[in-house]
Amino acid sequence: VPSRGDGDGDGLLLPTQSRSCRLKASYKVELAKMLLNEGQGHLFEHWPEPGVHDDKKKNFFDQVSRLNSSYPGGLAAYIQNAKKLLADSKAGQNPYDGFTPSVPSGEALTFGDENFVSLEAAGVKEARNAAFVLVAGGLGERLGYKGIKVALPRETTTGKCFLQHYIESILALQEASCKMEGECHTKIPFAIMTSDDTNALTIKLLESNSYFGMEPSQVKILKQEKVACLADNDARLALDPNDKYKIQTKPHGHGDVHSLLYSSGLLEQWKNTGRRWVLFFQDTNGLLFNAIPSALGVSATKGYNVNSLAVPRKAKEAIGGITKLTHADGRTMVINVEYNQLDPLLRATGHPDGDANCETGYSPYPGNINQLILELGPYSEELKKTHGAISEFVNPKYTDSTKTAFKSSTRLECMMQDYPKTLPPTAKVGFTVMDAWLAYAPVKNNPEDAAKVPKGNPFHSATSGEMAIYRANSLILRKAGAQISDPVVSTFNGQEVEVWPRVTWSPRWGLTFKDVKRKVHGNSSVSQRSVLVINGRNVVIDGLSLDGALIVNSVDEAEVKVTGHVENKGWTIQHVDHRDTSEMEESRIRGFKFEKVEQLEVNY
Ligand SMILES: O=c1ccn([C@@H]2O[C@H](COP(=O)(O)OP(=O)(O)O[C@H]3O[C@H](CO)[C@H](O)[C@H](O)[C@H]3O)[C@@H](O)[C@H]2O)c(=O)[nH]1
C-alpha cells in the first residue's frame with residue numbers, strides 16, 4: 001500500500017510489465033507520497049489488497065494526476081492554501097482586515113455625447129488589436145435552465161442566441177476596425193472557457209452553426225477543471241459519496257480563466273501576433289457590446305492596464321461593488337468587493353447601515369459587471385510571475401458556531417475580477433461607469449427568485465434581460481432622433497417590466513452610436529406595439545412610420561432605404577406561466593411569447 005511506499009510501486013496497483021508501466025507506477029507513488037505528506041492518508045484507508053479493485057485504483061490516480069496538473073503549483077499547493085484559508089475562516093479572519101473602504105473615482109460616460117462618440121471611435125480603432133475571452137463554464141444553477149446559457153435566445157424576436165450575438169458583434173468590430181485602417185486582414189481571436197458542465201454543448205452549438213460566421217481557427221476552447229472538495233478544517237479531501245475511489249470535485253470559479261490563458265500559451269501567442277488588449281466577458285449580458293467600443297476607447301486613451309466596466313449599483317444587488325481600499329499602512333487598491341462581502345465590510349468600518357443606497361437612490365459603490373479590459377503586455381508579464389494563480393477564498397457552511405464541522409464539503413474558489421489584487425501600486429487600474437440600461441442586463445435568476453427581488457432592484461431574469469434589449473434599442477433610436485412611443489408596463493412571471501417597441505438590429509447595422517445616427521433620420525416613428533427587425537448593413541430608416549411588424553433583411557451589397565407608412569396587425573405578446581410545462585422552457589423562463597399575427601418582411 002502506498003503508506004509503505006518504497007519508491008518502487010510494484011504491486012501497488014497493477015503488475016508492471018513494461019518500462020512505461022514502471023514509469024507510470026513510480027509517478028503514482030510520487031502522487032501517493034505527496035498525498036500522505038499532505039495528511040491525506042484517509043483516502044487510502046479503505047483500499048483492499050493489491051489485485052482487488054485495481055481498475056478503480058488506477059482511475060483514482062488518473063484523477064489525482066489531473067487535479068495535480070490543472071492547479072498552479074499542483075495539488076500539494078492546493079491543500080496547503082486550503083489549510084490556511086480554512087484556518088483563517090475558522091478564526092473569523094476578515095479578508096479586508098486593516099482596510100478602509102471608500103468610493104473610488106472612475107470614468108463616467110454619458111451615452112451619445114461628444115466624449116462618448118469619440119471614445120467609441122477610439123475603441124473601434126483599437127479593436128483590431130484585441131482578443132476576446134468569454135467565461136462560460138458556469139452551470140447557471142440560479143437560472144435552472146436545462147441547456148447552456150449561451151444557447152439561450154438573447155431576445156425572442158429574432159431568436160438569436162447569446163453566442164451568435166457575441167460572435168456577430170466581434171465580427172462587426174473586426175470589420176469596422178479593419179476598415180479604419182484601409183486594408184487589414186486581422187482576425188480577432190475569441191477564446192471561450194468551458195467546463196465539464198458546458199464544454200460538449202458549447203462545441204456542438206458552434207459546430208452545428210458553422211461558428212456563426214467566424215472562422216473556426218479564430219475560436220479557442222479552454223476547458224477548466226474542477227477542484228477537489230474539502231471535508232474538514234484540516235483540508236482532508238472529500239471522497240465522492242457514490243464512489244470511494246473518486247475525490248469529490250466542484251467548480252473553482254471564473255478566476256481559472258487566467259491560469260488557463262497562461263498555461264495554454266494563448267497569451268504569448270496573442271502577444272506575438274501584436275494583440276494589445278484582452279477583453280473578458282460573461283455568458284448572458286445581451287447589452288454588453290453597447291459598451292465595448294467606448295470602454296475600449298477609455299482603456300486606450302487613459303492607458304489603463306486594467307479597466308473594469310461598471311454600472312450604478314442598487315444596494316444589495318447581486319453584483320460586486322468597486323471599492324477603493326486603503327490599508328492602515330498606506331497601501332491602496334481599487335478592487336471589486338463581492339456582493340456578499342460589501343455589507344459586512346462597510347458595517348465593520350463605521351457604516352452602520354452597511355450596503356445601503358445613498359441620496360441618489362443607488363449604492364455609492366459602482367457595480368462591477370465583470371467586463372474587464374486588460375492591457376496584454378503588463379498582463380502577460382504578471383502571469384509569467386503568478387502563472388495565473390488568483391487570490392482564493394473559501395466559504396464553508398459550518399454545522400454550528402464551534403466551526404469544527406461542515407454541513408457539506410467545500411472547496412477553494414476564485415474570481416477573475418480579483419486579478420488586480422496582486423498588482424503593484426504602480427499599475428494603472430481604473431474603471432468605467434455607464435448607465436445600466438445601456439450596458440448590463442444579465443439572465444441569472446429563475447422566475448420565482450426574480451419575483452422576490454426587492455422592489456426597485458433589477459430582476460436579472462430572462463424576462464428583464466429581453467425587455468432590456470428593446471428598451472436600450474428604443475432609447476438609442478430616440479437619441480438618434482426617431483420618435484419611439486413610450487413603453488407600457490406589464491407583469492410577466494410576477495415581474496413588472498417596461499415593454500418598449502420590440503426593436504432589434506444586427507451588430508453590423510449599428511455597432512456604435514455614430515453608425516445608428518447615420519442610418520436613422522429624424523422623421524421616423526415607431527409605435528409601442530411595433531416590431532422592427534433590421535438585419536443588414538446598409539439599411540437607412542428615413543421617413544418610416546411603423547405601426548405593426550416590419551422585418552428588413554438585406555445582403556451587404558444592397559443599399560436599402562426604409563420609408564413610408566407600414567401598418568399591419570403585427571405580433572402580439574402572449575403571457576406564459578413558468579409552471580406551464582406544455583410551453584417551451586425558453587418561453588416559460590421569460591413569461592411570454594410572441595404570436596406572429598401579421599408582418600411585412602422584405603428581403604434585398
Ligand atoms: O466556475 C465557473 C463559474 C462561473 N463561470 C462563468 O463566470 C460568469 C459569472 O458567473 P455568475 O454569473 O455565476 O457570477 P456571479 O453572478 O456570482 O457574479 C459575477 O458577475 C456579476 C455581474 O454579472 C458581478 O460582476 C460579480 O461581482 C461577479 O462575481 C458566467 O459567465 C459563468 O459561466 C465560469 O466560467 N466558471
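Owing to the predicted nature of the structure, the values given are computational and were not obtained by experimental measurement. Each residue takes its place number in the sequence, starting with 1.
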*Can E225 and H252 be said to form a side chain to side chain donor-acceptor pair (under 3.5 Å), step by step?*
CA-CA 8 Å; E225 295 295 334; H252 188 220; over 6 Å; no
*Show your reasoning for whether salt bridge (Lys or Arg N to Asp or Glu O under 4.0 Å) applies to R411 and E413.*
CA-CA 6 Å; R411 85 288 196 181; E413 295 176 75; 3.7 Å; yes
_Stepwise side chain to side chain donor-acceptor pair (under 3.5 Å) check, W277 with E126_ = CA-CA 8 Å; W277 308 102; E126 277 301 318; 2.7 Å; yes
*Please lay out, stage by stage, how Y304 and T432 fare under the test side chain to side chain donor-acceptor pair (under 3.5 Å).*
CA-CA 11 Å; Y304 281 149; T432 304; over 6 Å; no
*Take D62 and R66 through the test salt bridge (Lys or Arg N to Asp or Glu O under 4.0 Å) and record every step on the way to the result.*
CA-CA 6 Å; D62 287 345; R66 279 198 306 278; 5.7 Å; no
*Could you walk me through whether T158 and E155 pass side chain to side chain donor-acceptor pair (under 3.5 Å), step by step?*
CA-CA 7 Å; T158 66; E155 35 77 17; 2.6 Å; yes
*Is there a side-chain contact (heavy atoms from CB on, under 4.5 Å) between V429 and N305 once you walk through the steps?*
CA-CA 6 Å; V429 181; N305 302 151; 5.8 Å; no
*Check the pair K160, E168 against salt bridge (Lys or Arg N to Asp or Glu O under 4.0 Å), reporting the backbone distance first and the verdict last.*
CA-CA 10 Å; K160 280 186 190 176; E168 288 184 354; 3.0 Å; yes
*Start with the C-alpha gap between L67 and I247, add the side-chain angles, then the distance that decides, and say whether side-chain contact (heavy atoms from CB on, under 4.5 Å) holds.*
CA-CA 10 Å; L67 291 170; I247 294 170; 4.1 Å; yes
*Evaluate side-chain contact (heavy atoms from CB on, under 4.5 Å) for Q371 paired with L279, printing each intermediate quantity in order.*
CA-CA 7 Å; Q371 154 68 52; L279 291 91; 4.0 Å; yes
*Would you sort out whether I322 and V334 count as a side-chain contact (heavy atoms from CB on, under 4.5 Å), showing the intermediate values?*
CA-CA 7 Å; I322 296 188; V334 174; 3.7 Å; yes
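Residues meeting the side chain to side chain contact (heavy atoms under 4.5 Å, CB included) test with K271, sequence neighbours left out: E268, L376, S380, E381, K384. By the salt bridge (charged side-chain N to carboxylate O under 4.0 Å, His left out) test, K385 pairs with E382, sequence neighbours left out. Applying the salt bridge (charged side-chain N to carboxylate O under 4.0 Å, His left out) test to E175 and every residue at least two apart in sequence or in another chain returns R508, R537. With sequence neighbours left out, the salt bridge (charged side-chain N to carboxylate O under 4.0 Å, His left out) criterion links K187 to E215.
Other residues, nucleotides and ligands contribute more than 12 heavy atoms inside 6.0 Å of the NZ atom of K223.
Between T186 and R275, the shortest heavy-atom distance links the atoms CG2-NH2, 3.1 Å. Nearest heavy atoms, T249 versus C229: C-SG, 3.7 Å. Scanning both residues, K149 and L143, for their nearest heavy atoms gives CE-CD2, 4.1 Å. Taking every heavy atom of both residues into account, S391 and K421 meet most closely at OG-CD, 3.7 Å. Contact detail for S409 and K250: the closest heavy-atom pair is O-NZ, 3.1 Å. Here the shortest heavy-atom pairing between A295 and N307 reads O-ND2, 3.1 Å.
Taking CD from E120 and CG from L109, the interatomic distance works out to 9.5 Å, rounded to the nearest 0.5 Å. Rounded to the nearest 0.5 angstrom, K314 NZ and S363 OG are separated by 10.5 Å. Atom CD of residue E30 and atom OG of residue S65 lie 12.5 Å apart, to the nearest 0.5 angstrom. Atom CD1 in I79 sits 12.0 Å away from atom CG in D234 (nearest 0.5 Å). Note that OG1 of T326 and CZ of F99 are 8.5 Å apart. Values are rounded to the nearest 0.5 Å.
Checked against the 6.0 Å centroid threshold, H165 and F212 do not count as a close aromatic pair. With ring centers used as reference points, H327 lies 6.0 Å or more from Y96. Not less than 6.0 angstrom separates the ring centroid of F132 from the ring centroid of F280. Residues Y71 and H387 place their aromatic rings such that the two centres sit no closer than 6.0 Å.
Contact of the Q224 side chain with the L260 side chain is registered, since non-hydrogen atoms from C-beta on lie closer than 4.5 Å. Side chains of V298 and F431 form no contact here, defined as non-hydrogen atoms less than 4.5 Å apart. The shortest side-chain heavy-atom distance between M34 and L31 falls under the 4.5 Å cut-off. Between E107 and V433 there is no side-chain heavy-atom pair separated by less than 4.5 Å.
Y262 and T386 share no donor-acceptor pair across their side chains, judged by distance under 3.5 Å alone.
F44 and F61 have parallel rings, their planes meeting at less than 30° on a 0 to 90° scale where 60° marks the start of perpendicular. Relative orientation of the F162 and Y166 rings is tilted, given thresholds of 30° and 60° on the angle between their planes.
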Run the side-chain donor-acceptor check on residues 281-293: report pairs under 3.5 Å with partners two or more places apart or on a different chain.
from	atom 1	to	atom 2	distance (Å)
Q282	OE1	N370	ND2	2.7
T284	OG1	V443	N	3.1
T284	OG1	V443	O	3.1
N285	OD1	L287	N	3.2
N285	OD1	A441	N	2.9
N285	ND2	A439	O	2.9
N290	ND2	L438	O	3.0

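Applying the salt bridge (Lys or Arg N to Asp or Glu O under 4.0 Å) test to pairs two or more places apart or on separate chains, those with a residue in residues 132-148 are K146-E585.
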